[in-house]
Protein chains: 2
Amino acid sequence: MVYAAQGDPRRTLSLLWRGDDPPESRPGPRPTLTVDEIIATAVSVADAAGTAGMSMRTVGKRLGRTAMALYTYVADKHELLDLMYDHVHAELTADADPADWRGALTAWAEELWEFYLRHPWVLSISPARPILGPHETAMTERLLRVLQPLDLPSPTLRGVTSAVIFFVQGNARAMADARAAAQDTGQSDDEWWAARAPHLMELAGDFGTRFPLLTRLEADHTPSEGEPYLERDARAAFTVGLGVLIDGIAAAR
Amino acid sequence: MVYAAQGDPRRTLSLLWRGDDPPESRPGPRPTLTVDEIIATAVSVADAAGTAGMSMRTVGKRLGRTAMALYTYVADKHELLDLMYDHVHAELTADADPADWRGALTAWAEELWEFYLRHPWVLSISPARPILGPHETAMTERLLRVLQPLDLPSPTLRGVTSAVIFFVQGNARAMADARAAAQDTGQSDDEWWAARAPHLMELAGDFGTRFPLLTRLEADHTPSEGEPYLERDARAAFTVGLGVLIDGIAAAR
DNA sequence: ACCGACACTTTACGCCATAAGGAGTGGATG
DNA sequence: CATCCACTCCTTATGGCGTAAAGTGTCGGT
């Protein structure tokens, strides 16, 4: 069996780390697009419609081009996704505060959480292996700067950084999923639950005795005002969980 | 705009909570398949080829049927995925140990981590809203039992449970992605890095000074023996991170 | 003036989920 | 026993997807 070489690594890397070099003069018609334009358009399509709604055709159409025109600038869709992925990470800036690592870490995590809610499609790109772009790398470096005052040994530091990142991603994904569901189905959290609860009780009448702790936990909700309850839960869980995680990190010092 | 009603909620729920009721006699030819058979086959396809390789056609073919034949048993692919999702969660059994909540929680998390590595496609199903199946519900209930000795207030408990689950999922995803990449590309972690490192150094010669902490952290690796290094990193990060998280939970008591 | 590299297009292929409609089956009813 | 029709399963078709292949026209370098 022959394996796809996953494109030319050199090509993708040089696009990821491209500077704004002057366009060298070459024979043939002048390019009328730029990779940056394509990336920006693709990002805006994905922000609005998710990865599912971002096809080469839709991006091309938004630029007044066919899908195939993009292939002169970008090797394939996978490469475009990698470029989009790293590109948006440039929005992140939260950095260390040597005097208050807890505050800095909280700020770092909250910035990332808001970032994922702005660009939820980022969470649906699974980088089979690290993408190695400059902006995500910079984000990681800043997380290490945030944690530097703790002076953790390397293996602990690796565990802590990945735990923080996964924690934020998981929470943001739950939040984003809840929002997307509401938008896609046109059904609020309450309507969704109202359409299921009676059937669930009929099909699993012993729910309360079979899952007593879960039942009690769900019942113990203060009524939510305004914000849909799945979203409110996700937000609250993020805040609480982050505090717990930070306490654990403090204990690891 | 008209929104898809996301299928009949009653229908999906009654399949999720179906017992083994005797097949009522109905006119027409006897069904030659069962929902359970279809689910089991779909799971085995997904285990081997991921969600991407699991199409209605492939599942049908494995059962000696066309894709369309499945639609007599299952409303659509989304419903089948929901059923598969809950079905595999029946494999999980880790439960509380009132005398040792830390040990029980560690065991619970490790079981889940191994489960995700056995069925990595589960992580690529994004339940827009909770699926509400019996087996995932049971898993959550057991997590609550594990944490019961801590007697946490409800909001804290919600934050802790989601933090634990997201932590395991994130780590397992990283591990599964690394494995899938190796399998799909036929390239080991070392080969992958060897094909990129020189280009990265050429394109970003200042990498070491621009990202000093990350560079130092990466350099501080004991050589890995046998296991591919991305996988080894993921495994180590899981173990360390779990300890940190548990310390944080202990502090929240 | 012309060559050839290049941007961009059209067309086509093989996937996907699934809608529509037709063929044959067999339990319930007369 | 004959009929009916709910039912399973099939074939065919639609509109999406990523992208291969090949054609058209452009324009800088020689």
Side-chain angles (χ1 to χ4, degrees), chain A residues 2 4-8 11-12 22-38 41-42 45-46 49-84 121 124-125 128 184, chain B residues 2 4-8 11-12 22-38 41-42 45-46 49-84 121 124-125 128 184:
Chain A
V2 180
Q6 179 168 351
D8 184 357
R11 188 194 196 290
T12 303
E24 43 181 312
S25 106
R26 289 204 263 77
R30 286 304 196 67
T32 58
L33 291 178
T34 60
V35 182
D36 296 85
E37 262 180 295
I38 293 173
T41 311
V45 171
T51 29
M54 194 223 93
S55 67
M56 297 301 273
R57 282 166 168 86
T58 54
V59 175
K61 182 170 284 177
R62 271 272 280 263
L63 290 162
R65 254 9 85 88
T66 64
M68 294 311 291
L70 307 181
Y71 286 86
T72 21
Y73 300 90
V74 134
D76 53 18
K77 187 178 184 181
H78 186 85
E79 183 174 274
L80 177 54
L81 287 170
D82 282 0
L83 294 171
M84 293 165 63
W121 52 269
S124 68
I125 291 179
D184 295 350
Chain B
V2 180
Q6 179 169 353
D8 184 358
R11 188 194 196 289
T12 303
E24 43 181 312
S25 107
R26 289 204 263 78
R30 285 305 196 66
T32 60
L33 291 177
T34 60
V35 182
D36 295 87
E37 262 180 295
I38 292 174
T41 311
V45 170
T51 28
M54 195 222 91
S55 66
M56 298 300 272
R57 281 165 169 87
T58 54
V59 175
K61 182 169 286 179
R62 272 271 279 264
L63 289 163
R65 255 8 85 88
T66 63
M68 293 311 291
L70 307 181
Y71 286 86
T72 5
Y73 300 91
V74 134
D76 54 17
K77 189 178 183 179
H78 185 86
E79 183 173 273
L80 177 55
L81 287 170
D82 282 1
L83 294 171
M84 292 165 62
W121 53 269
S124 68
I125 292 179
D184 295 349

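These numbers come from a predicted model, not from an experiment. Chain naming here is simple, since letters A, B, ... match the order of the sequence lines and numbering starts at 1 in each.
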Exercise. Taking all atoms of both residues into account, what is the closest heavy-atom pair of M84(B) and A46(B), and its distance?
Worked result: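 Closest pair (atom of M84(B), atom of A46(B), distance): CE-CB, 3.8 Å.
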Problem set entry | Comparing T32(B) and M54(A) on DNA chain D - which has the more 5′ nearest nucleotide |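 Its nearest nucleotide being more 5', the pick is T32(B).
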What is the distance, to the nearest angstrom, from the [atom1] atom on [X] to the [atom2] atom on [N]?
X      : N       : atom1 : atom2 : value
K61(A) : dC17(D) : NZ    : P     : 9 Å
D76(B) : dA17(C) : CG    : C1'   : 9 Å
R57(A) : dA20(D) : CZ    : P     : 13 Å
M56(B) : dC17(D) : CE    : P     : 20 Å
Y71(A) : dA21(D) : OH    : C1'   : 14 Å
L33(B) : dC7(D)  : CG    : C1'   : 14 Å
Y73(B) : dT8(D)  : OH    : P     : 6 Å
H78(A) : dT19(D) : NE2   : P     : 10 Å

Straight-line distance of [X] [atom1] to [Y] [atom2], nearest 0.5 Å:
X      : Y      : atom1 : atom2 : answer
T51(B) : L81(B) : OG1   : CG    : 7.5 Å
R57(A) : L70(A) : CZ    : CG    : 11.0 Å
T12(A) : D76(A) : OG1   : CG    : 7.5 Å

Problem set entry | Test side chain to side chain contact (heavy atoms under 4.5 Å, CB included) applied to M56(B) and L80(B), step by step | CA-CA 9 Å; M56(B) 298 300 272; L80(B) 177 55; 4.2 Å; yes
Exercise. How is T66(A) classified with respect to the nucleic acid when contacts are heavy atoms under 4.0 Å: base, sugar-phosphate, or nothing?
Worked result: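 Counting heavy atoms under 4.0 Å across all strands, the contact made by T66(A) includes a base.
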Exercise. Looking across every strand, which nucleic acid part, if any, lies under 4.0 Å from A69(A) by heavy atom: base, sugar-phosphate, or nothing?
Worked result: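 Since a base atom lies under 4.0 Å of A69(A), the category is base.
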Seminar exercise, completed: Scoring nucleotides 20-30 of chain C by protein non-hydrogen atoms under 4.0 Å (B base, S sugar-phosphate only, - none) yields B---BBBSS--
Problem set entry | Side chains of Y73(A) and E37(A) in contact at under 4.5 Å (non-hydrogen atoms) |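 Not in contact.
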Exercise. Of the nucleotides dC9(D), dT19(D), dT18(C), which has the atom closest to the A67(A) side chain?
Worked result: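 When the side chain of A67(A) is considered, dT19(D) is the closest of dC9(D), dT19(D), dT18(C).
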Exercise. Does R30(B) CZ have over 12 foreign heavy atoms under 6.0 Å away?
Worked result: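 Not buried by this count: 12 neighbours or fewer within 6.0 Å.
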